[in-house]
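Report on the structure given below.
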Protein chains: 2
Amino acid sequence: MSGRPTILDVAERSGVSKSTVSSVIRGAVGVSPASQRRVLAAVAELGYRPNALARQLVLQRTSTIGVVVGDLANPFYGELVKLLERHAHEIGFTTAVSNTDGHADREAARIEALLEQRVAGIAMLQFSGDRAALDGLVAEGIPVAVVSSTDPRVDSVGVDERRGVALAVEHLLQLGHERIAYATSPLVDGRTNRARYETFLRAGATDAPLDEATAVVAANDIVAIELIDSLERAGRRVPDDVSVVGFDGIALGALSRIGLTTVAQPSEQLAAHGIRMLHERIEGAVDEPPRQLLLEPKLVVRTTTARKDR
Amino acid sequence: MSGRPTILDVAERSGVSKSTVSSVIRGAVGVSPASQRRVLAAVAELGYRPNALARQLVLQRTSTIGVVVGDLANPFYGELVKLLERHAHEIGFTTAVSNTDGHADREAARIEALLEQRVAGIAMLQFSGDRAALDGLVAEGIPVAVVSSTDPRVDSVGVDERRGVALAVEHLLQLGHERIAYATSPLVDGRTNRARYETFLRAGATDAPLDEATAVVAANDIVAIELIDSLERAGRRVPDDVSVVGFDGIALGALSRIGLTTVAQPSEQLAAHGIRMLHERIEGAVDEPPRQLLLEPKLVVRTTTARKDR
DNA sequence: ATGAAAGCGCTAACAC
DNA sequence: GTGTTAGCGCTTTCAT
């Protein structure tokens, strides 16, 4: 026995066959207490650790979930991934994380790698510009769950975008703002962006160029915070000269120095439902068409928004 | 052929043996252009995708790197993990991320799971209180690299803690501060914390209780930012009444509203060296005792520190 | 209750 | 240059 001990080493050591060892390790029934004891002893003595690779190869299914995220450095996604990992671990799954930086080619490469690893399913948090990648996954029947965004082709759990943007616009309208701008960045998921922008227009906002606006709705908190920074560096005060509302609800936004008014997403629930849905698909427990879960966003009013010309 | 096509299906389809197929897929030399062409055609037609599980089982080594992090929601680590994933992907490795929230039991459970998956190596970014886990890994000969911290038992790349803290304390001393406090949180790696605190004392700081201090050195930027927040909510102004310096250099600290004076770590280099060292161990390219790489931290002076009693 | 044997998809000698 | 074969470590019938 060179290298790590295998199930065969345990079998020899305990004087039973490897199938018996396999049974006790898997906790199968129908093993005499005597062999059970001896096997367990041998496992401990040898420091045996089951080889998940071999197990998954014969079982034809792995216990790893792929997580595809656009920008892990954005604390909203950092936290979301952290929560996803926690929930995945709870049901016995390992998490393979891929960061795409919003590039379609990287996204494709990462997904291909995950597929070669035969991940049991994939949680997509942000997409690159084109969503072609999803078609491939759907065509191959890979369980996929979109988390914190939505897509009709697969299970998804997100916040009601329209409701969220409407909340932001209404808030601004009530404060007397008329010229409102929409600010985004390349790192924001394409579809999410489009949905938010459309609703932005429908909600009654009169789309204004950034330099003429008295208020702006940002695609996410990071964009909002950076916008405030550049606005202020350019001499425009927030919220006195211009109001800003973000989207996501990152923890840092609550700092009194930032005081970001924002539309908050319930990350914990997003993660919990995302993993649950994915798990159900993986287990084949549900056979329905794609399920869309829309959670309620919440407007958190702080100090980056104020009445116009106060 | 039910389910995904295997190397055998490709072999049949192209009229060669599976070893030939294996050769062209691995890009081995000594395959006639003719078979090469036919195999490639079959691969495309069948939509064949190599099974990494099978490959890794026979090769006795995987191409996945485990990343153990304390708090992925902390943007410093979010970014670091993102960079590690990028570098790992560049050398053909997949990344399995585990978040421990600083709990020793979770850390142990995550590491155990990674080991069952037979990860090729592990990058540890933060430790729980006890560092017992590392001993196990070292004993088993698992390649490990500690990133953004240090540990004499394994390869590690971090910033010179003493130098960093000294930089912070000197800065404060020069500004006329005498009563300086050290602030930390449970999420900060134990050893890191200890090292920083010791140096803090040696650097000439007269350790003062938080409510008597005119300046404070925080264990990391998040602690610093939250501290500033609670200080200001309690009516103490920063930097007028109390100066604060952080550690890490997260992007958000540069916002003019925060303007955090901090000791910055070079994340990109940390990630690059971390993966490189780990890779070298995995490949068995280096057989030396643990290597300790100490990078230079950089004091970034912004607006949370000021002369005492100005 | 337990063991023997086949095989998951692949690589790597080793023959031809 | 190409095919045959023997495993990698495990699960799972199927006998006994």
Side-chain angles (χ1 to χ4, degrees), chain A residues 1-40 42-43 46-64 92 113 115-120, chain B residues 1-40 42-43 46-64 92 94 113 115-120 140:
Chain A
M1 171 193 123
S2 70
R4 297 211 59 80
T6 74
I7 201 173
L8 212 83
D9 299 312
V10 177
E12 271 180 23
R13 176 106 185 184
S14 49
V16 299
S17 75
K18 57 177 189 155
S19 12
T20 300
V21 175
S22 175
S23 294
V24 357
I25 286 170
R26 292 179 347 246
V29 294
V31 181
S32 75
S35 347
Q36 177 116 2
R37 215 174 23 69
R38 308 182 58 193
V39 168
L40 257 23
V43 164
L46 260 30
Y48 169 75
R49 176 153 36 222
N51 185 327
L53 249 42
R55 169 164 231 271
Q56 295 169 347
L57 178 60
V58 51
L59 251 30
Q60 295 276 58
R61 62 198 198 82
T62 65
S63 54
T64 112
L115 259 22
E116 292 193 358
Q117 303 283 349
R118 296 297 190 268
V119 293
Chain B
M1 170 194 124
S2 70
R4 294 212 60 80
T6 74
I7 202 172
L8 214 82
D9 298 311
V10 177
E12 270 180 25
R13 175 106 185 184
S14 49
V16 300
S17 77
K18 57 177 191 157
S19 24
T20 300
V21 175
S22 175
S23 294
V24 357
I25 286 170
R26 291 178 349 246
V29 294
V31 182
S32 74
S35 352
Q36 177 117 0
R37 214 174 23 71
R38 306 183 58 191
V39 168
L40 258 23
V43 164
L46 261 29
Y48 168 75
R49 176 153 35 224
N51 184 326
L53 248 43
R55 169 165 230 271
Q56 295 170 347
L57 177 60
V58 52
L59 251 29
Q60 296 277 56
R61 63 201 203 81
T62 65
S63 55
T64 112
T94 282
L115 259 22
E116 291 193 358
Q117 303 283 347
R118 296 298 191 268
V119 291
E140 305 203 40

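What's counted below: heavy atoms across the whole structure, side chains too, no hydrogens, waters or symmetry copies. Every value quoted in this text rests on a predicted model; they were computed, and no experiment measured them. Note on naming: letters A, B, ... go to the chains in the order of the sequence lines (proteins, then strands), and numbering restarts at 1 for each one.
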Side-chain-base donor-acceptor pair under 3.5 Å for S19(B) and dG3(D): yes

OP1 or OP2 of [N] less than 4.0 angstrom from a side-chain nitrogen or oxygen of [X], does that happen here?
| X | N | result |
| --- | --- | --- |
| S23(A) | dT2(C) | no |
| T6(B) | dG9(C) | no |
| S32(A) | dA1(C) | no |
| Q60(A) | dT11(D) | no |
| S35(B) | dT2(D) | yes |
| Q56(A) | dG9(C) | no |
| R118(B) | dG9(D) | no |
| R4(B) | dG9(C) | no |

So, for [X] and [Y], which heavy atoms are closest and what is the spacing to 0.1 Å?
| X | Y | value |
| --- | --- | --- |
| A11(A) | V21(A) | CA-CG2, 3.6 Å |
| A42(A) | R13(A) | CB-CG, 3.5 Å |
| Y48(B) | I7(B) | CE1-N, 3.5 Å |

Would you mind reading off the distance between [X] atom [atom1] and [N] atom [atom2], rounded to a whole angstrom?
| X | N | atom1 | atom2 | result |
| --- | --- | --- | --- | --- |
| R49(B) | dG9(C) | CZ | P | 15 Å |
| I7(A) | dG7(C) | CD1 | P | 19 Å |
| K18(B) | dG1(D) | NZ | P | 21 Å |

Rounded distance [0.5 Å steps], OG1 in T62(A) versus CZ in R55(A):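 One finds 11.5 Å between OG1 of T62(A) and CZ of R55(A).
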
